[in-house]
Amino acid sequence: MRYPLLSRIQRAGDVKKLLPEELPVLCDEIRNFLIESVSATGGHLASNLGVVELTVALHRALQLPRDKIVFDVGHQCYTHKLLTGRRAGFALLRQKDGISGFPNPAESDCDAFIAGHGSTALSVAIGIARAKKIKKEPGKVVAVIGDGAFTGGMVYEGMNNIAMLNNLIVILNDNKMSISKNVGEIANYLTRLRTDPKYFHAKAQMETALESIPLVGSGVVRMLQGGKQVIRRGIYHSTMFEEMGFQYIGPVDGHDVLQLSQMFRNLQEQTAPLFIHVVTKKGKGFKPAEENPGEYHGVSAFDLNHITNPEVSPKDSFSTCFGSKLSELGNSCRELCAITAAMKYGTGLQYYKHDHPERFFDVGMAEQHAVTFAGGLASQGLLPVVAIYSTFFQRAYDQMIHDVCLMQLNVIFAVDRAGLVPNDGETHQGIYDPAFFSQMRIETYSPANYAELEYWLTELVQHGKGPRAIRYPRGEEKPSMSALGCSGNLFDFIDKQTDSDIALVSYGAETEEALAACDLLLQKGVRADCCKLVRIVPLPDGICQALSQYKTILFAEECVQDGGVGQQLCFALQQTGWQGRFLLHAVDNRHLLHANVPQLRKDQELDAASLAGHILSVCMQPDKEN
């Protein structure tokens with residue numbers, strides 16, 4: 001048996017049956033399993049390798065599902081899933097009919113909350129902990145937060161609301177800080193001392209006794225507490241968290257599973273919210289991930305026997321095309337700045353940083369700040385380009401309205417991972433930005449290939465005005481789209497038949513399916529034209545006139561139906577007096593799978609067969625006049 005200890009864990013709580021001396025071996029088995037499994041399926045690797053011991057120790061001390069673990073972002077939950085009996089599901093990790101790469105209560109009652117975006121765990125944990133207080137329910141609530149999440153302001157908003165929550169434990173998973181030998185030893189000694197239950201009882205009894213002394217008691221207590229904070233400031237700089245209301249513990253070695261287990265057991269009795277600073281190494285146990293943790297954060301499947309860099313923006317991708325072209329434009333446009341939110345490599349901006357470091361800004365997990373910061377730059381005559389994934393732009397909705405659109409500032413939004421996104425499921429789909437950009441009347445372009453991306457990005461930089469956006473999918477261009485080249489038009493008819501009264505209309509990556517649907521229809525003897533939009537907000541001038549000749553129009557888009565481009569085109573056509581049949585295929589966001597893009601399109605009836613099938617079913621029906 002390859003994983004003898006891991007195989008003994010079939011459900012939550014089984015890890016408690018192991019002997020203490022077996023825990024380090026279990027951690028090795030988990031780490032090896034994750035490396036082998038994720039190399040075969042893809043997934044988040046480095047972050048999970050870093051929290052193996054921490055997660056094992058939590059499961060040893062907590063009672064799930066009564067106690068709750070809330071993972072920030074959630075992609076570091078793989079060990080948690082293994083310890084709650086989901087090992088078999090890793091064969092289809094992040095694939096259709098497999099387990100999610102994030103926590104999901106629908107998958108297990110040991111998963112407290114869906115988590116796909118960063119800096120949210122503390123607010124969620126506070127809500128759950130407060131609910132336990134209101135309902136008088138027992139149990140601890142633990143929020144596991146990476147140091148990167150502390151670049152997002154929501155964490156600090158949550159810290160203002162922790163008062164009296166002695167059932168809340170916040171664990172800072174710090175995988176960047178190194179601790180010197182002397183400071184580490186002193187901190188470890190104090191940690192052992194302060195996590196002993198005797199410490200809590202003695203502390204409470206001493207403060208009660210001192211405060212009972214007439215006139216001077218409370219003053220003595222304040223003096224002792226003040227002296228204690230001075231010492232802590234000198235040793236491990238903890239006062240910020242303590243001033244927020246936490247009892248600070250740490251730094252703690254995040255890879256000493258026995259020490260962690262003992263510490264968490266000792267913390268069953270607490271008198272205040274706890275903040276535990278745990279130091280880990282991202283990618284631990286897999287040398288390539290230890291040396292390049294960012295590059296092994298989220299990976300596609302890779303060959304363990306031939307290790308290469310698995311997942312910086314691939315050389316052939318829309319992200320790389322965008323990043324390379326933007327860097328080129330930065331050579332002649334000295335006002336051009338590039339901003340991203342902890343996604344330098346994912347958005348292809350590593351090229352811009354290399355060529356124009358003084359005009360490149362990575363603001364961390366702070367999309368709201370990124371947009372308002374861009375507004376500030378633009379107000380002073382610069383031209384900022386904010387490159388963020390579509391799913392994360394949602395977090396800056398108010399800032400786009402209030403801090404860019406109200407003053408019509410010169411800001412370009414580069415929307416990466418637009419449309420349906422593989423594997424990460426409901427939390428990472430880029431299906432909302434066309435709708436909310438249209439609400440703000442932000443001029444928006446959706447190229448279908450590299451040539452169009454380069455052309456329209458150049459146009460937006462050199463000739464654009466006010467807030468504007470360009471959106472593009474994850475991955476590489478498809479051959480059928482590459483063959484279209486770039487006309488420079490705001491819309492094109494790319495497959496036109498003689499005497500056709502049916503049109504299929506789409507934009508961006510979904511154009512591939514519309515074009516393929518026209519071919520399927522032709523095989524059935526049905527002629528249909530294919531129209532591709534490039535500018536989707538506002539609708540191109542002349543588009544309604546060009547489409548008014550058709551009796552049936554099918555519009556397909558990888559965007560939510562309500563407020564999407566299709567609804568707006570339908571309304572615009574009706575306003576001109578068009579009385580044809582309008583068929584809309586858009587995303588139903590009530591159910592979103594973690595699957596690859598072809599599977600997602602099929603599930604959402606956005607694949608060529610579904611589009612063609614709908615047209616054929618309509619053709620079988622009699623005309624309205626009959």
Side-chain angles (χ1 to χ4, degrees), residues 419-420 446 448-449 452 473 477-485 487 489-534 536 539-540 542-559 561 564-588 597-626:
L420 294 171
S446 188
N449 57 33
E452 288 184 341
E477 67 178 357
K478 297 300 187 288
S480 61
M481 296 295 96
S482 177
L484 300 177
S487 68
N489 299 325
L490 297 179
F491 69 93
D492 289 297
F493 281 89
I494 54 177
D495 189 11
K496 202 164 176 60
Q497 306 292 325
T498 304
D499 298 327
S500 172
D501 61 2
I502 300 170
L504 278 72
V505 187
S506 190
Y507 60 90
E510 177 63 17
T511 306
E512 175 191 13
E513 301 294 339
L515 188 60
C518 288
D519 291 338
L520 292 176
L521 289 169
L522 192 59
Q523 294 171 23
K524 298 290 185 179
V526 176
R527 296 188 299 276
D529 295 345
C530 185
C531 177
K532 175 179 64 65
L533 305 183
V534 178
I536 57 175
L539 290 170
I543 186 63
C544 289
Q545 181 180 359
L547 292 174
S548 61
Q549 62 179 300
Y550 296 97
K551 292 181 179 180
T552 300
I553 296 173
L554 185 149
F555 193 93
E557 62 179 325
E558 295 180 6
C559 173
Q561 176 174 296
V565 180
Q567 279 192 350
Q568 295 176 49
L569 178 59
C570 181
F571 178 74
L573 283 166
Q574 290 173 344
Q575 292 297 103
T576 67
W578 180 75
Q579 296 181 352
R581 181 186 284 113
F582 194 92
L583 312 176
L584 178 57
H585 282 237
V587 175
D588 180 356
V597 170
Q599 290 168 334
L600 287 167
R601 286 177 178 168
K602 183 176 181 179
D603 179 69
Q604 294 286 339
E605 297 186 345
L606 286 166
D607 61 305
S610 296
L611 304 182
H614 197 175
I615 292 290
L616 290 173
S617 68
V618 167
C619 290
M620 300 293 290
Q621 299 174 9
D623 291 338
K624 293 179 182 178
E625 299 86 76
N626 300 333

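This structure is a prediction, so every number in the text was calculated from the model and none was measured.
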CG of Leu573 to OH of Tyr550, rounded to nearest 0.5 Å, is 12.0 Å
The salt bridge (Lys or Arg N to Asp or Glu O under 4.0 Å) partners of Glu477 (sequence neighbours excluded) come to none
Taken to the nearest 0.5 Å, the spacing of Leu533 CG from Ile543 CD1 works out to 5.0 Å
Note to self: Please check: side-chain N/O of Glu557 versus main-chain N/O of Val565, any donor-acceptor pairing under 3.5 Å?
What the structure shows: yes
With distance as the sole test, does Asn449 use its side chain to make a donor-acceptor pair with the main-chain N or O of Met481 at under 3.5 Å?
yes
Q: Decide if atom CZ of Phe571 counts as having more than 12 heavy atoms of other residues, nucleotides or ligands within a radius under 6.0 Å.
A: no
_Walk me through whether Gln561 and Val587 qualify under side-chain contact (heavy atoms from CB on, under 4.5 Å)._
CA-CA 6 Å; Gln561 176 174 296; Val587 175; over 6 Å; no
Check your understanding: So, do Leu504 and Asp529 sit near enough that their side-chain heavy atoms are less than 4.5 Å apart?
Key -> no
Nearest heavy-atom contact between His614 and Ser617 is O-OG, 2.7 Å
Here the pair of heavy atoms bringing Cys544 nearest to Ala572 is SG-CB, 3.6 Å
**Message:** Taking Ser506's backbone N and O only, do any of them form a donor-acceptor pair with Glu510's side chain (distance below 3.5 Å, no angle check)?
**Reply:** no
| query | Is it true that a side-chain atom of Glu558 and a backbone atom of Leu420 form a donor plus acceptor pair closer than 3.5 Å? | reply | yes
_More than 12 heavy atoms of other groups within 6.0 Å of Lys602 NZ_ = no
In sequence, state the C-alpha distance, the side-chain angles, and the governing distance for Ile502 and Cys619, and then conclude on side-chain contact (heavy atoms from CB on, under 4.5 Å). CA-CA 10 Å; Ile502 300 170; Cys619 290; 3.8 Å; yes
Q. Ignoring hydrogens and geometry, is there a side-chain-to-backbone donor-acceptor pair from Arg527 to Thr498 under 3.5 Å?
A. yes
Sorted by chain and number, sequence neighbours left out, salt bridge (Lys or Arg N to Asp or Glu O under 4.0 Å) with Asp495 holds for none
When you compare the side chain of Ile494 with that of Leu515, does any pair of heavy atoms fall below 4.5 Å? yes
Within the 4.5 Å heavy-atom criterion, are Ile553 and Leu583 side-chain neighbours or not? no
In this structure, CG of Leu484 is separated from NZ of Lys478 (nearest 0.5 Å) by 13.5 Å
Item to check | Residue Lys496 excluded, over 12 heavy atoms near NZ under 6.0 Å | outcome: yes
Run the side-chain contact (heavy atoms from CB on, under 4.5 Å) check on Phe491 and Val534 step by step: do they pass? CA-CA 5 Å; Phe491 69 93; Val534 178; over 6 Å; no
CD (Gln599) and CD (Gln604) are apart, to the nearest 0.5 Å, by 13.0 Å
(message) The test is side-chain contact (heavy atoms from CB on, under 4.5 Å); show your working for Tyr507 and Cys531 and say whether it passes.
(response) CA-CA 8 Å; Tyr507 60 90; Cys531 177; over 6 Å; no
message = Donor-acceptor check, side chain of Thr511 to backbone of Lys532, threshold 3.5 angstrom: yes or no?
response = no
Query raised in the report: Under 6.0 Å from the CD atom of Gln545, do we count more than 12 heavy atoms belonging to anything else shown?
Result: no
CG (Asp607) and CZ (Arg601) are apart, to the nearest 0.5 Å, by 9.0 Å
Between Gly566 and Leu584 the two heavy atoms that sit nearest each other are CA-CD1, 3.9 Å
When rounded to the nearest 0.5 Å, the distance separating CZ of Phe582 from CG of Leu554 is 8.0 Å
_Tell me whether the count of non-hydrogen atoms from other residues, nucleotides or ligands lying under 6.0 Å of CD in Glu605 goes above 12._
no
- Message: So does Cys570 get a backbone contact from the side chain of Trp578, meaning a donor-acceptor N/O pair under 3.5 Å?
- Response: no
Smallest heavy-atom separation, Cys518 atom then Ala528 atom, equals SG-O, 3.7 Å
